[in-house]
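Reading through the structure tokens given below for one structure.
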Amino acid sequence: MERKWWHDKVFYQIYPKSFYDSNGDGIGDLRGIIRKLDYLKGLGVDVLWLSPIYQSPLADQGYDISDYYAIDPRFGTMEDMDELIAEAKKRGMYLLMDLVVNHCSDEHPWFEAAKKDPDGPYGKFFYLADQKDGRPCNWRSCFGGSVWDPLPGTDKQYLHIFHKKQPDLNWENPQVRQEIYKNINWWLDKGLGGFRIDAIINIKKPLPFRDYEPDRSDGLCSIAEMLKHAEGIGVFLEEMKRETFAKYDAFTVGEVFNMKEDEMRDFIGPDGHFSSMFDFNETIFGESPNGWYDMQKITAEDYKNCCFEAQERAEGIGFLSNIIENHDEPRGVSRYLPEGEHSVQAKKMLGGLNFFLKGLPFIYQGQEIGMENTVVSSMDEVDDISTLDQYQVALDAGLSPEEALRAVSAYSRDNARTPVQWDDGPQAGFTAGTPWLKVNPNYREINVAAQEPDEDSVLNFYKKMIALRKHPDYKDTFVYGSLIPFRREQKNLMAYYRKDAQNTLLVIGNYQNAPQDLILDREPRSVLLNNCKTLSLSKETLHLEPYQFLVLAM
Ligand code: TEU
Ligand code: CA
């Protein structure tokens, strides 16, 4: 296999608005990131993905871009961005920006021009239709309601798969594609490492528009349904790669949902559209067409199966990007550990099981200190547009307001977006002002400053994991070695070998709040990582403590 510069890297996602506020306006910013670069370097991560910082009305927190060539003043200036790129480079780190090109903002000049002259060239940048003909299709937008809304001041309507302030760009129009490529290259020329690519599967629509079977009483159907019928996205993605990323040897990771079964090789094979794509097999587990309130809770066994299934699918094809959380998902420890079992031990186990999977490890800000879901006591505290929609969906389904609040707050995107907990001072040290989103009240117990000097903290465990993955004796095994599940049938136990010609490493997590025995198939040679003080081994039987996590060299 041809080796790529990004194969052995450790990735870290920054959600800038909530990372660190340098000027007291309550909003995290680029200068805040610059100030924390040494912290990130100390953690050991190599590649930083920034969620969007482009000029934006922030209707969807920056995933609605009104100028692809400008930094939103709330995040800083272009000089700050250039400095951040340079400062990262000095420390041997790379930056990824978020590429949001399925849609732009309704405040982008292209959309303004389309409103003024829908029949002119910019009308063709979007999907427009005559209002008089009714809705061209019954698709439901990801944030609720029809994907079609009237184009203000005209007799037309436009399509938006996401919020109505996020009109979809018409990728069938070559001029749109050229504009996008020009922008990508402009950023790559600044010295970026590459991009995380937002909602990319949605760029290809099955045309002409038509209705599909409704899946709720609103008569609409999920976007997932239209994606089943969309063919030929690869033509766009190959063109984009050729015109942009390939010329720079840039790294790309796609946010790819609803891929067709046999497309993995096209997406992340040796000549794939992208370098990597996220494994969302765990995050989509238990989803219901009815909405969040109807999600099925995931168990330890489910989690294990999701991970191993994804690994099997990618085997011999390419590199998945592994996460336990991101800015759209609840905190991993709150989701994948049973309620009330969020001990330091358990958090380390979950982090470890995910981190050493085959693929690229991604850590989301705050994950390294074990940040948890926040408490939402009223809908007035909610910022996330997705939660607002899902709350209404739950009410419409007959849940009481209290039930609806409880059901949706477990999956709210706000859980991941509360400010990073830096210390136990006011506002967790995130800002000298009032934070844009309430700090999680548990910041006095869970924060960076408290964990730094504590040898046994979650933070120091993440540092150890990262250091182990980079250890010259083991790095190749973790990066290129195969993954073989071990005692897969044993309940509440997740274990796997990472193996190559040099090493046989065994990663073990006792995924329950009770001890359990594990019979090994040979005696371990050494313990590379242990989240407990002790290791109890009699011959080949390991007596695991509750939530014990181990990496053994066999
Ligand atoms: O998320 C895409 C997203 O919401 C998917 O889960 C979606 O349900 C799927 O693609 C439907 O086909 C990204 C960002 O991560 C998120 O923060 C944004 O809100 C969204 O795109 C719109 O840009
Ligand atoms: Ca600020």
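Whatever order the structure lists ligands and atoms in, that order sets their numbers, starting from 1. Position 1 is the first residue of the sequence, and the numbers go up from there.
- The protein non-hydrogen atom at the shortest distance from atom 1 (O) of ligand 1 is Glu255 OE2, 2.9 Å.
- If you check which protein heavy atom lies closest to atom 15 (O) of ligand 1, you get Asp328 OD2, 2.4 Å.
- Annotation for ligand 1: atoms under 4.0 Å from non-hydrogen atoms of Ile223 are 12 (O).
- The protein heavy-atom contact nearest to atom 4 (O) of ligand 1 is Phe162 CE2, 3.5 Å.
- Residue-level check: among N/O/S atoms of Asp25, OD1 sits closest to the Ca ion (ligand 2).
- Looking at Asp98 and Tyr63, their side chains do bring a donor and an acceptor atom within 3.5 Å of each other.
- Using a 4.0 Å cut-off between charged nitrogen and carboxylate oxygen, Glu372 and Lys347 count as a salt-bridge pair.
- With respect to the Ca ion (ligand 2), Asp21 has OD1 as its nearest N, O or S atom.
- Using modelled atom types, one finds a donor on one side chain and an acceptor on the other under 3.5 Å when comparing Ser412 with Thr387.
- Within Asp29, the N, O or S atom lying nearest to the Ca ion (ligand 2) carries the name OD2.
- Salt bridge absent: Lys164 and Asp106 never bring a charged side-chain N and a carboxylate O closer than 4.0 Å.
- To the nearest 0.5 angstrom, Asp60 atom CG is 9.5 Å from Leu58 atom CG.
- Contacts of His160 with ligand 1, taken as heavy-atom pairs under 4.0 Å, are absent altogether.
- With 3.0 Å as the limit, Ser22 does not count as an N, O or S neighbour of the Ca ion (ligand 2).
- Nearest to atom 5 (C) of ligand 1 by heavy atom, out of Phe257, Tyr15, Phe280, is Phe257.
- Counting atoms of ligand 1 from 1 in the listed order, those under 4.0 Å from a heavy atom of Phe143 are 19 (O).
- The residue from Phe355, Phe251, Trp6, Tyr364 that alone fulfils the ring-ring contact (aromatic ring centres under 6.0 Å, His included) condition with Phe11 is Phe251.
- Relative to the six-membered ring of Trp422, Lys36 meets both conditions, a distance below 6.0 Å and an angle of at most 45° to the axis.
- Atoms OD1 of Asn23 and O of Ile27, as seen from the Ca ion (ligand 2), are separated by an angle of 150°, to the nearest 10°.
- Neither the backbone nor the side chain of Gln61 comes within contact range of ligand 1; no heavy atom lies under 4.0 Å.
- Using a 4.0 Å cut-off to heavy atoms of His327, the atoms of ligand 1 that qualify are 14 (C), 15 (O), 16 (C), 17 (O).
- If you check which protein heavy atom lies closest to atom 11 (C) of ligand 1, you get Cys142 SG, 3.5 Å.
- Annotation: side chain of Arg413 is not in contact with side chain of His327 (no heavy-atom distance under 4.5 Å).
- In the vicinity of Asn202, heavy-atom distances shorter than 4.0 Å reach the ligand 1 atoms 10 (O), 12 (O).
- Nearest to atom 21 (O) of ligand 1 by heavy atom, out of Asp198, Asp384, Ile161, is Asp198.
- Residue contact check: Arg413 has heavy atoms under 4.0 Å from atoms 16 (C), 17 (O), 18 (C), 19 (O) of ligand 1.
- Proximity of the aromatic rings of Phe126 and Tyr158 is defined here by a centroid distance below 6.0 angstrom, and this criterion is not met.
- Using a 4.0 Å cutoff on heavy atoms, Glu329 does not count as a contact of ligand 1.
- The contact set between ligand 1 and Asp60, taken as ligand atoms under 4.0 Å from a residue heavy atom, comprises 18 (C), 19 (O), 20 (C), 22 (C), 23 (O).
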Could you please spell out the steps behind the ring pair (Phe, Tyr, Trp, His ring centres under 6.0 Å) verdict for Tyr68 and Trp186?
CA-CA 10 Å; Tyr68 288 93; Trp186 187 85; over 10 Å; no
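- Considering Asp29, Asn23, Asp21 in turn, Asp21 is the only one that fulfils the side chain to side chain donor-acceptor pair (under 3.5 Å) rule with Thr431.
- Seen from the ring of Trp436, Lys17 counts as a face-on cation partner, given the 6.0 Å and 45° thresholds.
- In summary, the aromatic rings of Trp148 and Phe209 are positioned with their centroids under 6.0 Å apart.
- Proximity to His103 (heavy-atom distance under 4.0 Å) selects the following atoms of ligand 1: 22 (C), 23 (O).
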